[in-house]
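Okay, structure first, notes after.
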Protein chains: 2
Amino acid sequence: MRNENSSKNTIEDVARLSGVSKSTVSRVLNNHPNVKEKTRRLVLRAMRQLNYKPNIHARRFASGNSYTISVFLPEIGNQFYGRILKGVEEELDKYGYDPALFPLLSRERLKRFSNPNAAAYQSDGFLFVSLDPEKLYHLNPFPLSRPIVLADGYSDKFDCVYVDNRLGGYLAGKYLCSFSGEFFIILIREFEFPLSTRVFLERLDGFKTALKEKGIKLPQRNIISVDFSLGGGQIAARDILQTAGSSLNIFATCDLLALGVVEEIRRAGLSLKNEVRVIGFDDQPWAKDYGITTLHQPIEEMGKMAAHFLMERIRGYKGVTRAISYKPELIKRSSA
Amino acid sequence: MRNENSSKNTIEDVARLSGVSKSTVSRVLNNHPNVKEKTRRLVLRAMRQLNYKPNIHARRFASGNSYTISVFLPEIGNQFYGRILKGVEEELDKYGYDPALFPLLSRERLKRFSNPNAAAYQSDGFLFVSLDPEKLYHLNPFPLSRPIVLADGYSDKFDCVYVDNRLGGYLAGKYLCSFSGEFFIILIREFEFPLSTRVFLERLDGFKTALKEKGIKLPQRNIISVDFSLGGGQIAARDILQTAGSSLNIFATCDLLALGVVEEIRRAGLSLKNEVRVIGFDDQPWAKDYGITTLHQPIEEMGKMAAHFLMERIRGYKGVTRAISYKPELIKRSSA
DNA sequence: CTGAAAGCGCTTACAG
DNA sequence: CTGAAAGCGCTTACAG
């Protein structure tokens with residue numbers, strides 16, 4: 001009971017047609033440098049003629065590599081993870097590797113990952129995005145003996161790639177302090193532990209620090225939590241507009257929220273920049289179109305570097321643990 | 001350059017320790033019926049002693065099966081897909097199969113799936129959730145010669161499992177018509193083609209039909225589109241409350257929106273049921289806690305049946321194409 | 001119910 | 001730069 005793949009041409013057929021050995025075909029397949037250019041072309045032509053597709057299972061079996069990395073992430077439903085993934089995929093493509101995606105989704109679902117034989121552990125390396133593997137281990141002690149890298153998160157123990165969110169919050173706060181009026185921050189309601197990310201709390205922290213330097217205190221009621229959505233931003237904006245004065249400075253902590261806020265400000269007929277300042281975070285591709293002042297963070301780049309670190313480890317790199325911290329940049333546009 | 005897996009015990013070691021042949025160990029591994037109970041126990045004990053883990057790559061290679069199905073879905077960021085996935089996983093577990101997840105995410109990202117060698121096509125079967133494979137083919141003609149099943153979607157050509165959304169909308173409309181006042185529907189803004197789902201438009205359609213039967217026409221401005229989020233529901237509710245009269249009937253088309261609406265109704269100090277009726281859709285586990293009247297749909301069950309159909313096909317079932325349509329049930333609670 | 005043996009399609013030293 | 005050969009760890013008829 002084998003599926004239709006098995007009737008296909010093999011490396012043997014390619015070898016025969018091109019008049020070389022299987023070894024050479026294999027070398028061509030794996031971009032091995034020691035192949036004469038002429039031979040390579042011969043083999044490639046034969047592959048094309050036969051419409052040859054290597055049997056991935058044979059390859060994995062023979063080499064002992066899965067050519068796959070496992071990507072653990074809270075979910076895959078917003079632009080941030082889409083962009084991280086894009087960076088990861090671009091980098092992995094260079095090595096003929098693929099990501100296998102494991103969205104954790106809910107605390108209950110973590111059980112699926114407690115079995116060390118689970119599909120999630122059949123890969124050559126592990127990428128944790130916005131997730132702390134040690135917190136996860138704590139609940140489900142499983143053995144991860146292969147390389148681990150973190151993206152959008154920090155740890156002393158593993159290579160990691162992240163944005164300095166505290167600095168981002170600080171820059172937002174500092175800039176907004178150049179205006180007068182009341183100050184607000186809109187945060188994302190967190191996932192439940194251990195899927196929670198500290199990102200938004202760090203932005204809050206930096207924001208507070210900046211305000212404090214100017215002697216400004218942020219009242220608790222000016223810290224507003226909503227869900228990650230346009231509507232979340234809109235609703236927060238309406239709440240602010242109902243109760244606050246006429247000069248407002250709002251740090252929306254992500255562009256999607258900022259967009260919701262901006263829409264409501266406009267709907268209310270208020271003047272952006274003169275009456276209300278709004279700063280987002282992310283610098284999503286569309287932020288420019290809406291004139292959203294924001295903190296730029298290189299999301300694809302983070303994914304790319306994380307994948308790069310991981311591939312280095314998979315290929316045997318044994319150097320010390322590394323951390324790259326990206327500094328967010330304030331991009332001034334019409335919203336502030 | 002083989003990774004640490006290769007130093008592990010093999011089927012050979014287990015055979016030696018338990019004093020049987022490799023064939024028999026393999027049979028135990030695959031739950032083959034023709035193994036004496038005593039032998040099976042012997043083998044299992046040896047496996048435990050050696051902490052034996054079968055080499056998945058060898059297994060796939062030798063059998064020609066990937067023991068994997070590819071699940072294509074728009075994204076994996078909300079409870080609906082989490083629950084579908086849960087059902088799929090439960091069913092696949094029975095067969096020792098695993099899902100490989102392929103969230104399409106954006107139209108641009110579809111390019112990744114145009115290569116017939118892509119990881120997405122290395123599996124034994126394909127599950128399309130909320131997605132129409134024919135629309136996808138149309139953009140990227142790729143050859144899918146292995147079984148295909150649809151969940152949360154309909155097609156004449158493939159086995160499929162879906163909810164009768166038109167009926168759901170109709171039931172919501174019919175029930176709300178038993179109250180007087182103004183009528184509203186809140187919809188989800190769609191993904192861009194070809195990732196769009198027709199689900200919400202079908203609910204709208206059924207809703208309109210029910211109203212029409214009672215001679216009620218739904219004005220265009222009472223059809224409100226928002227993003228899929230709590231905030232979306234809240235914002236829609238506020239818009240409705242600002243402009244509408246005192247007796248309102250709102251079909252929120254999913255529980256998350258309904259919850260947002262209910263929260264705003266309460267905040268506005270209005271009386272649910274007496275002044276405002278709200279109906280959701282889904283019957284999420286938490287809908288009961290919030291007293292949300294809703295249309296129940298069996299989400300995990302859909303995932304389960306879809307996976308079941310697919311496994312049947314993978315195992316050689318050749319019968320005619322099947323479609324299961326689940327009828328949503330109106331669950332009356334305090335919100336309407 | 002069980003075993004011996006062939007085979008799955010690659011990769012990888014090794015020798016040249 | 002290339003080839004012959006061994007080997008990766010399973011599954012699967014086949015024979016008994």
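Model, not experiment: these values are computed from the prediction. So you know, we letter chains A, B, ... as the sequences are listed, proteins then strands, and number each from 1.
- Looking at the side chain of Ala58(A), the nearest of the listed nucleotides dT11(D), dG9(D), dC10(C) is dC10(C).
- Between the CG atom of Asn34(B) and the P atom of dT11(D) there is a distance of 16 Å, given to the nearest Å.
- Comparing Lys22(A) and Glu37(A), the nucleotide of DNA chain D nearest to each residue sits closer to the 5' end for Glu37(A).
- OP1 or OP2 of dT11(D) sits under 4.0 Å from a side-chain N or O of Asn30(B).
- Here dT11(C) is the nucleotide among dC10(D), dT2(D), dT11(C) with the atom lying nearest to any side-chain atom of Leu29(A).
- When distances run from any side-chain atom of Arg59(B) to the nucleotides dG3(D), dT2(D), dT11(D), the shortest one goes to dT11(D).
- Closest approach to the Thr10(A) side chain among dT2(D), dC1(C), dC10(C) is made by dC10(C) (side chain taken as heavy atoms from C-beta onward).
- By the 30° and 60° cut-offs, the orientation of the rings of Tyr95(B) relative to His308(B) is tilted.
- For Ser26(A), taking side-chain heavy atoms from C-beta onward, the closest of the listed nucleotides dT11(C), dG9(C), dA4(C) is dT11(C).
- The shortest distance between the side-chain N/O atoms of Thr39(B) and the OP1/OP2 oxygens of dT2(C) is below 4.0 Å.
- Proximity note for Ser21(B) (side chain, C-beta onward) versus dT2(D), dC10(C), dG3(C): the nearest is dG3(C).
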### Query
DNA chain C in dot-bracket, Watson-Crick or G-U pairs under 3.5 Å, [ ] crossing, | other strand?
|||.||||||||.|||
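- Screening residues 22-37 of chain A for salt bridge (Lys or Arg N to Asp or Glu O under 4.0 Å), with sequence neighbours left out, gives Glu37(A)-Arg40(A), Glu37(A)-Arg41(A).
- Set against dT2(D), dC10(C), dC14(D), the side chain of Ala62(A) has dC10(C) as its closest nucleotide.
- Proximity of residues 41-52 of chain A to DNA chain C (heavy atom under 4.0 angstrom from any strand atom) is restricted to Tyr52(A).
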